[in-house]
Structure formats: structure tokens, C-alpha cells
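In what follows, a structure is listed as C-alpha cells, so that the remarks can point back to it.
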There are 4 protein chains.
Amino acid sequence: MASVNKVILIGHLGKDPEVRHLEGGTTVANFTMATNEYYKDKQGTRVERTEWHNIAAWRGLAELAEKYLHKGQQVYVEGRIRTRQYQDKDNQTRYVTEIVAEEISLLGSRPGTGAATQPTTAAVAEEQVTFRQEPELDQLPF
Amino acid sequence: MASVNKVILIGHLGKDPEVRHLEGGTTVANFTMATNEYYKDKQGTRVERTEWHNIAAWRGLAELAEKYLHKGQQVYVEGRIRTRQYQDKDNQTRYVTEIVAEEISLLGSRPGTGAATQPTTAAVAEEQVTFRQEPELDQLPF
Amino acid sequence: MASVNKVILIGHLGKDPEVRHLEGGTTVANFTMATNEYYKDKQGTRVERTEWHNIAAWRGLAELAEKYLHKGQQVYVEGRIRTRQYQDKDNQTRYVTEIVAEEISLLGSRPGTGAATQPTTAAVAEEQVTFRQEPELDQLPF
Amino acid sequence: MASVNKVILIGHLGKDPEVRHLEGGTTVANFTMATNEYYKDKQGTRVERTEWHNIAAWRGLAELAEKYLHKGQQVYVEGRIRTRQYQDKDNQTRYVTEIVAEEISLLGSRPGTGAATQPTTAAVAEEQVTFRQEPELDQLPF
DNA sequence: TTTT
DNA sequence: TTTT
């Protein structure tokens, strides 16, 4: 049956991407990204809540993430939700949910003006500030 | 800083919603929803992978979910990702990620034809097949 | 500069797709799709408003649209907005806005049960109820 | 029938919002917003295409748009597509498609660094960089 | 751990 | 012109 599993996030990276090269030559980059919500508690005080998202970028996107993304940067990430199982050290089943990135765009960067805050992106050709994962590769079992 | 945390899912309910009435009168409905992806493995065989999403609907949406949603039904859910911490029985910190629903629409329902599979929706007034959570309430700390 | 232009529609086809084969061998399918909104007017009467969207599917998506889509069918369409200029018969500049489809999913179809209402899709292999346009081709100047 | 009509745009304003106060006291703000796509033409040359979107913000959103948005600013806009008919001076029916904004977020603003390009936002309270239209009002026939 |  |  047809289904849709789509996530759209805009937020800031909590740290530089961590890049690993798996056996077989596949590259994967992981980073965290914060989004914030605001609400009023029962006393009417404004409260901020930060949500941390685990992002996984594969193959071509991983290499671009390694090259152009860094801590503090504002990005747009489009992807899908994936929950993985693993066994912890006590052999118990644990779950971790992450967002598999399908598209990443750098926000707030203005070649020529934003240089101070985003030095490494200043040299990125304009068309490269949006990166997209090829669907075929994206469908592989990660 | 402005940020966006948006999820769009189309899939089928894995079970009827479970509804709880919290102290203070707040209602919450929980259900699971499946999305599927297909890919070819290294041998070129088609493989299906099912992703299960935990959905939480609050207040008005919870009551509508209780009334109109049931196992097997195809729905559109729009919401945001939320990861909650809790202590397990061994006093270890665990995490569970869920989608807080902001809008739910019934799909594929055809009163008069689909009656066999979706009996309870047949009587739903047309405009009610889309439910939306009021933003103010939606911002409360759940 | 990075930008995002994304449209997500769920609605019913107003007519069968019209398919044209352009010089050069490119195929394009056009169809219309309705979405509805409900509101209360000043007298408190419920009013329905229908919005008609012009959808354009290119190349591989066009061929799949021709094969599997038909009037009345409920679909999910993801794509981008494009406004084209043309000269009318009085040589005046006119504008038409359409959605260039990037992904189309058939909704409400249940191979084996929904046969009566959606005969032509009953035979579609499950994984094919979602169609995606290859990005490279999708970027060509249509 | 349930349907979905959703648009997500990230781009820059082409001009300051134009604000009108209608008879009856309703406020509406209109502005244009650019998104860009890049593709290679038949000769393999990189080509940029700019898409201009007409945005309409109503009531509370209009007032916030008037206050905080200005030419050149990068914004996130979520809304729905609406095509309006009107009669031109030759009494011919014309169509114009616009995006009715439901949520607007300011992107790339960094009070203290981006001041030169975004002076008026520096004083915006943090939680206000995202604006949302109340759904009830949003459902009125504009 | 981000950002404002 | 769809759907309910």
C-alpha cells in the first residue's frame, strides 16, 4: 500500500557531523539538530523546550555534510523517520529513532555577507547549497 | 530562533487508539501507524520494510481519534516529533520518540461503498473527516 | 541561495490524465485535482469551497499517470509550484500556475478489496502505488 | 472528503509587504517571494530559474508581516494554494494563484550579526519569530 | 549540544 | 471537473 513518511526540519546543528566510512565503502554522516517550541506554563510563564533530532546522511549527502555543515549552522532537512533496534550491553533491545536525510539546504548563508558566521560555506557555488540524495541509493537498506 | 519540526505521514493504523483520561481532565489517545518502503537488496530481490510510528493525539483530537479511528484505517497525520525520557524498571534512562498529531484526516473512506471496512465513519459529517488541534492547546507542555 | 518550493496535495482527480508526446520524445501528462475546504459564513452556515489544481507529470511519471490514474481517484501528489507565461490570442501575457509532480501515490486502493471502485489499480504491484520522478530529469527545463 | 492542500516555501521577499485594511476592519498583507531552481540545459550549462510566489497573509499574520517582514528577508512560509478569479478591464475572466499563509518564520536572522541586513527584527522577542494564523479565522472566505 |  |  502506498504510504508517506516525510519529515521537514529547520534548526541548528548541535555539533559538527561525525563521518564514518563503513566496510564496503559506504559513507554515513551523523549529526544532531535542535528545534525549539515555546509555550506558556500554568503560571503563564513563557517556557522554551528544545527537541534534539538525530540526523543520518548517507553516501553523497554524507560527503556534502562533512564538507559544508558545522556546529551552529542553520539548515533545512527533509527526510524520513527510521527507528532502529539494537541490543544494549545488557542484551536488552533498545530503540533509537533518527531522520534519514533526503535533502539538506543551508539557510541564512549569503555568500559575500554571511562570511563571518559561516566561513566554510562562503565558497560554495550557489547551486550547491541544496543537496539531494539520489532516490535509488536512498532506498538501500542502511 | 525560528525553527520547524513537521511530520507528514500517510499509513494505516496498527490498532485501535488507546484513550486515557489524565488527572486534570486531559484526554490523550495513542495509536501506532505503519508506513512502508520498498527497496532492492544486493541480490536484486524486492524487500518491504515497515516503519511503525507512535502517534499521540491530545484533547479534542484525542476524542475525535477515539470516535472515528480504528485499526486498519488509512489516515493522514500531520504533527511534530517529540522524544520523551523516562526511567525504566532498572532506573535507566530510556527514550521514546512519538509524533504529536496536529491534524488527522481520514483517507479512502467512501460512505456507501467502503462501509464494510470503515463502518464507524459512515456517519461522520463531511467536514469532520479532517480534524485539527487548536494551536494554543497544542502548545501546552504535555 | 538555497530555497524550498514544495507542495503536498491529497485530493481526487477531476478527469482522466491527458497525455501528450512532445517532439523529442518527452511525455507529459496533465490532470486536475480537487481539494476542499469548509468554513462557516457570516450567517453560520457551513460552506464548501473547492480548489482545482493543475498537475503536470513528466516523463516516467507521465507514463505511470497514464497507466494508473483516472477520474475520481484519490491521490497524494508531492511537487513544486511553477507559473508559466504565455501569449493569448490577443497577444496579451497570461499566467497559469501548475504543480509539477515529483511523487504520486495512489490512496484508498486495497488490492483485493477496493477492486470495485478502482479496477485498474487492482493489478498494480504494491510497490508501484508510489511513483517518484528521478530528480535529474526533473530538473530539466520543461 | 478529507483533502490536503499544503505549501512549504523557503525564499526571500521580493519587496516589502503591501498592507491593506479592508472595509470591515480585516487586514491583509501581500508580498512576493522568490525560490530558485538550478538545472543544466542541453549544452550542459548551468541555468538558474526563479519562481515568484504571491503570498497573502490575513488578520493577525498580516499585522505581523507588516511589522517584521521586509524586502530581501529569508522566510519560511507554510500555507495553502488558492486561485482567485477576477474580471479584467476587457471583462475577460482571469486567474491569479496565490499562497494563503498559515505560518511564517523568519530565517537567518541573527540579532547582533545580521543587523545590517535585518535591522527591524533585532527587537523581536524570540518566540515571535514564528507566527501562526489561528485556524478558525483562517477558514473564513477571504 | 544549537539558535534567539 | 473530484470526493463526501
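All values below were derived from every heavy atom in this structure, side-chain atoms included, with hydrogens, water molecules and symmetry-related copies excluded. Residue numbers begin at 1 in each chain, while the letters A, B, ... track the order of the sequences. Note that the coordinates shown come from a computational prediction; the quantities given were computed from them, not determined experimentally.
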Which one, dT4(E), dT2(F), dT4(F), comes nearest to the side chain of N36(C)?
-> dT2(F)

Rounded off to whole Å, could you give me the CD-to-P distance for the E48(C) and dT2(F) pair?
-> 12 Å

By salt bridge (charged side-chain N to carboxylate O under 4.0 Å, His left out), which residues pair with E66(A), not counting sequence neighbours?
-> none

Applying side-chain hydrogen bond (donor to acceptor under 3.5 Å, both in side chains), run through T32(C) and N54(C) and close with a yes or a no.
-> CA-CA 5 Å; T32(C) 56; N54(C) 301 308; over 6 Å; no

Under the criteria of a ring-centre distance below 5.5 Å and an interplanar angle below 30°, is W52(A) stacked with the base of dT1(E)?
-> yes

Measure the distance from NE2 on H53(A) to P on dT2(E) and round it to the nearest whole Å.
-> 15 Å

Whole-Å distance separating the CD atom of Q74(A) from the P atom of dT2(E) | 15 Å

Ignoring the backbone of K15(C), work out which of dT1(F), dT4(F), dT1(E) is nearest its side chain.
-> dT1(F)

Rounded to the Å, how far apart are Y38(C) OH and dT4(F) P?
-> 10 Å

Round to a whole Å and report the spacing from OH of Y95(B) to P of dT1(E).
-> 12 Å

Using atom CD of Q73(C) as one end and atom C1' of dT2(F) as the other, report the distance to the nearest whole Å.
-> 11 Å

Euclidean distance, atom NE2 of residue H12(A) to atom P of dT3(E) [Å, nearest integer] = 7 Å

In Å, rounded to the nearest 0.5 Å, how long is the span from CD of E78(D) to CD1 of I8(C)?
-> 9.0 Å

Given atom CD of E51(C) and atom C1' of dT1(F), what is their separation to the nearest angstrom?
-> 14 Å

With sequence neighbours left out, write down each residue that passes side chain to side chain contact (heavy atoms under 4.5 Å, CB included) with T83(B), or none if nothing qualifies.
-> E51(A), Y95(B), T97(B)

Quick one: does T50(A) reach the base of dT3(E) with a side-chain donor-acceptor pair under 3.5 Å?
-> no

